[in-house]
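Only heavy atoms go into these numbers, but all of them, side chains included; no hydrogens, no water, no symmetry mates.
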Amino acid sequence: MQNAMFRDTEVSTEVTCRCPQCGAEEKVPISFPCWMLDIFRDKTPGLCSACSEKIRQRNQQEADRREAMRRIEIAGVPAEFRQWNAAKGNGTLARFIRDHRDRNLLVIGANGKCKTRAAAYNLLLEAKAGQRCRFCDYPELALEYAAAMQKSAQEGLDFVRELLHQSDILLIDDIAKRKLNETGGELLYRLVNAVYEGAATRLWITSNKDLAPLLQRFENGDTGDAVISRFDRLIDDGRMNIYRV
């Protein structure tokens, strides 16, 4: 030991540590009670700073990987969209979504244009980056909302509020897959209107119908008019980007 300074109850010193992983030696300052002095020897096992940092980085990488997988599971991204497949994907659309990922998005195109694949893969990337994301098949989401509404109107309001509160990005897939009945149309209006009125959640919406044909999918024409109106205003305000495949 070198540079030992004895106090009444404590010793401050340096010990030479040899890293068992790479063999490097370095001086490590330590303090301990006097009665522990005989425990230490000239060579004390312990990782050197470089090896400790390597292990710390490796452990952090593993923790980050596990956290990313947890976020992907929470997001509900279907397994078929968790790997990008250039042969099946629409690269141009995927890049557009990536470039405008901080905005609300409305992606319109016929079936088979790979809208869902491009949007879902970008959602996965955002989940990995730490964003709170959720993938929603719209018909299934509308059924969840209908079940909440059957309990009470307040349950329905709470369902929408929690959905928005818990999501930084909400991917709503295939809003025109089926005709929008009273409940389904109301849910879509509440989500779009909440964002129009300032909710922080970003909506990424896919549809196989353009705006005018989409209106015809609503059972309640007034609700449809209100939804289309909100889309138009969000687009005009520059708060939503629209992409037609």
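- Looking at Asn181, its side chain does come within 3.5 Å of a backbone N or O of Thr183 through a donor-acceptor pair.
- Under the 4.5 Å side-chain heavy-atom criterion for Ile, Leu, Val, Met, Phe, Trp and Tyr, Leu180 and Ile108 are members of the same hydrophobic cluster.
- Classification of Glu73 and Arg70 as a salt-bridged pair fails, no side-chain N sitting under 4.0 Å from a carboxylate O.
- Closest approach of Trp84 and Ala94 over heavy atoms only: CH2-CB, 3.7 Å.
- Of all heavy-atom pairs between Lys179 and Gln216, the closest is NZ-O, 3.3 Å.
- With contacts defined as side-chain heavy-atom distances shorter than 4.5 Å, the pair Val77/Leu171 does not qualify.
- Across every non-hydrogen atom of Phe135 and Gly76, the tightest pair is CB-O, 3.7 Å.
- Defined by atom type and a distance below 3.5 Å, a donor-acceptor pair is missing between the side-chain atoms of Arg202 and Asn104.
- Taking the centre and axis of the six-membered ring of Tyr196, the NZ or CZ atom of Arg230 falls inside the cone set by 45° and 6.0 Å.
- Between Ile242 and Phe231 the shortest side-chain heavy-atom distance does not fall below 4.5 Å.
- Arg71 places a side-chain N or O within 3.5 Å of a backbone atom of Gly130 that can act as its donor or acceptor partner.
- The side-chain hydrogen bond (donor to acceptor under 3.5 Å, both in side chains) with Gln57 is formed by just one residue from the set Glu53, Lys54, Gln60; it is Glu53.
- Two residues are said to be in side-chain contact when any heavy atoms from C-beta on lie closer than 4.5 Å; Trp204 and Ile172 fail this criterion.
- Side chains of Thr206 and Asp174: a donor-acceptor N/O pair is absent below 3.5 angstrom, by distance only.
- Here the shortest heavy-atom pairing between Ala176 and Lys209 reads CB-CG, 3.6 Å.
- Expressed to the nearest 0.5 Å, how far CG of Asp232 lies from CG of Asp225 amounts to 10.5 Å.
- The CG atom of Asn111 lies 9.0 Å from the NZ atom of Lys177; values are rounded to the nearest 0.5 Å.
- Scanning all heavy atoms of the two residues, the minimum distance from Pro139 to Asp173 falls at CD-O, 4.4 Å.
- The backbone N or O of Ser207 sits nowhere less than 3.5 Å from a side-chain atom of Tyr138 that would complete a donor-acceptor pair.
- Note: Leu188 CG to Leu214 CG = 7.5 Å, rounded to the nearest 0.5 Å.
- Looking only at side-chain heavy atoms (C-beta outward), Leu105 and Ile205 stay at 4.5 Å or farther from each other.
- Note that the CG atom of Leu164 and the CD atom of Glu162 stand 9.5 Å from one another [nearest 0.5 Å].
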Walk me through it: do Arg190 and Leu157 pass the test side-chain contact (heavy atoms from CB on, under 4.5 Å)? CA-CA 9 Å; Arg190 285 185 170 175; Leu157 290 172; 3.4 Å; yes
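- Under the 4.5 Å side-chain heavy-atom criterion for ILVMFWY residues, a single connected hydrophobic cluster contains both Leu123 and Ile97.
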As a quick check of understanding, evaluate side-chain hydrogen bond (donor to acceptor under 3.5 Å, both in side chains) for Asn122 and Glu126, giving each step before the final call. CA-CA 6 Å; Asn122 273 283; Glu126 290 301 288; over 6 Å; no
Between Glu144 and Arg134, does the salt bridge (charged side-chain N to carboxylate O under 4.0 Å, His left out) criterion hold? Intermediate values first, please. CA-CA 14 Å; Glu144 292 181 42; Arg134 180 169 173 181; 3.4 Å; yes
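- Side-chain contact between Ile72 and Lys128: present, with at least one pair of heavy atoms (C-beta onward) separated by less than 4.5 Å.
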Check step by step if side-chain hydrogen bond (donor to acceptor under 3.5 Å, both in side chains) holds for Glu182 and Asn220. CA-CA 6 Å; Glu182 187 77 31; Asn220 186 316; 3.1 Å; yes
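- Residues Leu125 and Arg98 meet the side-chain proximity criterion, which asks for heavy atoms closer than 4.5 Å.
- A distance-only check finds no donor-acceptor pair linking the side chain of Arg161 to the backbone of Gly156 [under 3.5 Å].
- Transitive grouping of hydrophobic side chains (ILVMFWY, heavy atoms separated by less than 4.5 Å) keeps Val107 and Ile228 in distinct clusters.
- In this structure, Arg66 CZ and Asp64 CG are separated by 11.5 Å, a value rounded to the nearest 0.5 Å.
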Would Asn241 and Leu106 satisfy side-chain contact (heavy atoms from CB on, under 4.5 Å), going step by step from the backbone distance to the final call? CA-CA 6 Å; Asn241 287 84; Leu106 177 59; over 6 Å; no
Evaluation steps, side-chain contact (heavy atoms from CB on, under 4.5 Å), between Met149 and Phe159: CA-CA 9 Å; Met149 286 293 292; Phe159 176 86; over 6 Å; no
Would you check, one step at a time, whether the test side-chain contact (heavy atoms from CB on, under 4.5 Å) holds for Val195 with Leu191? CA-CA 7 Å; Val195 170; Leu191 291 171; over 6 Å; no
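- Distance check, rounded to the nearest 0.5 Å: CD1 of Ile235 to CG of Leu211 gives 6.0 Å.
- The two atoms that bring Phe81 and Leu124 nearest to each other are O-CD1, 4.4 Å, heavy atoms only.
- Contact of the Val245 side chain with the Lys115 side chain is registered, since non-hydrogen atoms from C-beta on lie closer than 4.5 Å.
- Taking hydrophobic clusters as Ile, Leu, Val, Met, Phe, Trp and Tyr residues chained together by side-chain heavy-atom distances below 4.5 Å, Phe218 shares a cluster with Val160.
- For Ser167 (side chain) and Leu163 (main-chain N/O), a donor-acceptor pair under 3.5 Å exists by modelled atom type.
- A salt bridge does not link Asp236 with Arg233: none of the charged nitrogens is closer than 4.0 Å to a carboxylate oxygen.
- Asn90 places a side-chain N or O within 3.5 Å of a backbone atom of Leu93 that can act as its donor or acceptor partner.
- The shortest distance between side-chain heavy atoms of Tyr121 and Gln83 does not fall below 4.5 Å.
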